Amino acid sequence: MSGSLPTESPGRRPTEPTGPSPRREDFRPLWVYGWLGAAGVGLIVLMVLWFGGAGVEVLGTVGLLVALAVCVALHHVVVTQDAGERAFARPDTSGFDVPVLVKRRHLVVGGIAVVVGGLLALFGLQRFAPRPPPGSDWSAGSALVTIDGTRLQPGDVPLGGVVTVWPEGFEGTERAAVMLLRLRDLPEPPTLLDGVVDETLIAYSRLCTHAGCAVALYRDVDQALFCPCHQATFDARRAATPTAGPASTPLPQLPLGLAPEGHIIATGDLTARPGPVGGTVDV
Amino acid sequence: MSSPIASLAGYLDRRIGRRADPPSLWPTGVGALLSHVAIAAFLVLFATGVLLAFAYQPTVEPTVYEGSSELYDGQTLPGAFASIITISEDMPGGLLLRRIHVAASHLLLLSLVAHLLRVLATGAFRRPRLATHLTGVGLMLVAMGFSYTGEIMPFGLVSGSSLRIAEAVMYSLPFVGEQLGTLVFDGALPSDRFLFLSWFAHLFLLPPAFIALTAWHLWQVHHRRPALEPRPDVDVAITAVGRPLWPDAVARFAFLTAGLVALLMLASILIPWADLELEGPFLTAEATNSVHPPWPLFFLTGGLRIVPAIEFVIFGVRITNVLIAGVVIPSLLVGGLALYPFLERWVLKDDAEHHRLDHPLDVPFRAGAVTFMTTVALVFTFGGAVDVLAFWLTVPVEGVVLTFRIMLITLPFLLAALAVRASRRRLARRHEQVPTRRRTTEEAT
C-alpha cells in the first residue's frame, strides 16, 4: 500500500469512496419514533405557549429543543440507513449550452426592433413622464417654523445651534427641509451674504446634493455640515462648498430676512433645486 | 393492498429515487452543504414570511399606535413602522418570527456568496454548466432585491435615506433618470408608492422568481449530473457519483434543515436581530449618525463613499460620483460574475466539457481573475463601513477614505499577482513531482 495512487492533484486530500453504512443493522425504530414523539409533544407545548403570549426567550428555547429532538431522530436515520454512493457513466452533454442557431436575417430584424422599441420607450419617458418640480415650497416672505409650527426669532438659535425648519404651512415636507445654523465666525464669500441675518444666522437645504440623504450633522469645530450616509462634508461658512467626501455641488442656500414682527422669514426660494444633482444638465 | 404512504414512497423511488431513469445522483460535501443551507434558509424565510405578511401594513400614513410597547403607546407613527411594533410587541411570537426571518436572511445571503465563490474558484461554471451558473447569478440578484426591499419595509430610521439613495442613483442616469425616479418614488415623502412597490416585490414578485430560478437551477444540476472533486476510486470526468434524491439526499436535507432551525432558534434567543424599537421610525425631522444598508449591499454604499467627488459634463450628460459608484461599478461587478465563464473560455481557448472541479490554484488565469474580483468586492464592501472604522480607530474619516481609495487601485492588482504566482509555483512543483512519483511507484512494484 506504500505506492500511493497517482492522483490528479497531489497535496489535496481526495474524497474517500463510501459504501453502504456498516451500521444498517443497528437501526432502532423505537429510538427514532421516541425522539419524533418527544418533538411532537414539544410542538404542542410550543403552540400552547405561543398562543399564551410567552416571550421570545421561552418560545425560542422550546423551539430549539423541538428542532434538536428532530435532529437526533434524523441523525440516526441518516447514519444507519445510508445506502452509499452509486456511480453511473455520465450522459452525453455535448448538446447542452450551445447557443441557439439563428439566421442572420432574424438577428438583424430583432436587433432593429429592440433598438427602435428602446428608443421610443426612452423618448416617451423623457417627453411625457413627470419630472421633479424645479423649485421648492419656499417663497419670498414665508416664515421659518419648526416641526411643531413655532416661528423663530434670531435669539432662539444659540451659538453653534442647529434647528431644522420648514416654510409655514409645509411642516415636515421632505424637500423643503432647511437647516438654520448659528455660525461662530462671520460667513465669507461665495456665500450669499445678503441672505444672512443677525451676522451669523445662515440657512441651507437639508438634502445632500450627492445622494439626497439628510445632511443632519453639524460639526462646530470647523463649522462643517456632515452627511451620515456617505460622509460628504460642506463648509458652512463658505456657501456650503464641499470640502471632503463624494459630493461635488454646494448645498442650496436659503436667503433669509427679518419680518417687521421680528421673526425670521425667507426672502426667496432656495438658490438651486434641493436634492441630488442628477445626470441630466438642465438647459 | 399497499398503504398510501408505501405507494407514495414507491412513486418517489421511481421518479427521483433509486429506481429513477435517468438515475438521480446528488453529491455530498462542501458544495452540497452550501446549496442545501441556501435552500433550507429560503424555506425558513418563506414559512416565517407568510406569517409576518398577514400583520404588515405597507403604508406611510401616520397612525396612532396603541399596544403594549411602553415606548410607542399613544404615539403617531408611520403605518408600516406601527405594524412592525404591533408584530414585535403585541402579536404572539411575533418578535421570534421577525428575528428568525432576519437571521435566516443573513444565512441565505452568506451561503449564496460562499456557493458562488466556490463555483468560480473551482471552475464549476464551465461547459456544460454555463446556464446553471447564469441562473445562479440571477438567484444572487433576486436575493439582493429581497435584502433591499426587506430593509425598506419596516420604515425605520434609515429607510428614508435608503430610499433617497436609490432615487439619487436613478436620477444619475442621463436624460431619463429624473423621470424614472419620479415615476418610481413619486416625489417627496410621505408617499406610499415606493413602500407599496417594495412590499409588492418582496411578497409577490421576488418569491416566485426565486422559486422558479431555484427549480430551474436544480433541474439543470440534475440533468447535467454534478461536477465533482477528483477522487482516487473513480474518474469523475466520465463517471458521476452520488446518492439518489429519494430517500438519501432528502433525509440528509431534512436533518440539515432541522439543525439549521435549531441554530436559528438559538441565534434568535441570544441576538436581538431585527429589534427596531430603539432605532425608531423614519420621520423627516429626525436624523441619525450612521446610515447603513443591509450587508449584501455594502459594496454599493462603499462605492458611493470611496469613489472621489467628480463632476464633468459631456454632451449634456453630467457624470457624477453616483453614476460611477451606483450604476457603472455594480454593473461591471455583476456583469463580471455572469460573463467570467465566457471570458475564461476565450482567453484560455478551452471550450471543452469539464466535469472535474479544479483546485483554486490549478489555473493561474482563473486564480488571478477570481482574486481580483473578490478583492474589488471586499474593498467596496468594507468601504461601506469607513465611518465605523474611523470611530473604532479614532482617526478622521477622511484618512480612512483616502486609505480605501489607495487600496482600491493597488490591492486587487497586488493580490491577483500573488495568486497567479502561487498558482504558477504550484504547477511547477507538480511537474517536478510527477516523475518522482512514477519512480517511487515503479520501485514499489
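Note that this is a predicted model, so its numbers are computed, not measured. Every chain is numbered from 1, with letters handed out A, B, ... down the list of sequences.
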If you count heavy-atom pairs under 4.5 Å between each of [options] and chain A, which one has the most?
options: B/Ile100, B/Leu183, B/Leu323; value: B/Leu183
options: B/Leu228, B/Thr239, B/Leu260; value: B/Thr239
options: B/Ala166, B/Gly94, B/Gly29, B/Ser161; value: B/Ser161
options: B/Val236, B/Ile306, B/Thr320, B/Leu256; value: B/Val236
options: B/Leu270, B/Val234, B/Ile238; value: B/Ile238
options: B/Gly384, B/Ala390, B/Ala267, B/Ala309; value: B/Ala309

Is there a donor-acceptor contact under 3.5 Å linking the side chains of [X] and [Y]?
X: B/His355; Y: B/Arg224; answer: no
X: B/Arg98; Y: B/Ser88; answer: yes
X: A/Thr249; Y: B/Glu311; answer: yes

Inset, instruction - Residue by residue, scan residues 118-127 of chain A and write down, ordered by number, those that have a heavy-atom distance under 4.5 Å to chain B; if none do, write 'none'. - result: A/Leu122, A/Leu125, A/Gln126
Between [X] and chain A, which part of the residue has a heavy atom less than 4.5 Å away: side chain, backbone, both or neither?
X: B/Ala237; answer: backbone
X: B/Pro341; answer: neither
X: B/Glu178; answer: both
X: B/Pro244; answer: both
X: B/Val386; answer: side chain
X: B/Val261; answer: both
X: B/Leu266; answer: both
X: B/Val317; answer: both
X: B/Arg18; answer: both

Given a strict heavy-atom distance threshold of 4.5 Å, which part of [X] is in contact with chain B: side chain, backbone, both, or neither?
X: A/Ala244; result: side chain
X: A/Phe128; result: neither
X: A/Val277; result: both

Going by an N to O cut-off under 4.0 Å, is there a salt bridge joining [X] and [Y]?
X: B/Arg126; Y: B/Asp358; answer: yes
X: A/Glu174; Y: A/Arg206; answer: no
X: A/Asp137; Y: A/Arg175; answer: no

Legend entry - With sequence neighbours excluded, residues passing salt bridge (charged side-chain N to carboxylate O under 4.0 Å, His left out) with B/Asp90: none
Legend entry - From CH2 (B/Trp273) to CG (B/Leu264), nearest 0.5 Å: 9.0 Å
If you count heavy-atom pairs within less than 4.5 Å of chain B, which of [options] leads?
options: A/Gly212, A/Gly55, A/Pro242; value: A/Gly212
options: A/Gly63, A/Ala211, A/Gly279; value: A/Gly279
options: A/Gly245, A/Ala89, A/Pro130, A/Ala129; value: A/Pro130
options: A/Arg86, A/Glu57, A/Arg131; value: A/Arg86

Mark yes or no for whether [X], through its side chain, and [Y], through its backbone, hold a donor-acceptor pair below 3.5 Å.
X: B/Arg305; Y: A/Cys229; value: yes
X: A/Thr280; Y: B/Phe175; value: yes
X: B/Asp362; Y: B/His359; value: yes
X: A/Trp166; Y: A/Val178; value: no
X: A/Trp31; Y: A/Ala73; value: no

Legend entry - Exercise: identify the closest heavy-atom pair between A/Ala177 and A/Thr164: CB-CG2, 4.4 Å
Legend entry - pair A/Leu65-B/Met265: side-chain heavy atoms closer than 4.5 Å: no
Inset, instruction - State whether the number of non-hydrogen atoms from other residues, nucleotides or ligands found under 6.0 Å of A/Phe88 atom CZ is greater than 12. - result: yes
Legend entry - Trace of the side chain to side chain contact (heavy atoms under 4.5 Å, CB included) decision for A/His230 with B/Asn321: CA-CA 11 Å; A/His230 308 107; B/Asn321 161 291; over 6 Å; no
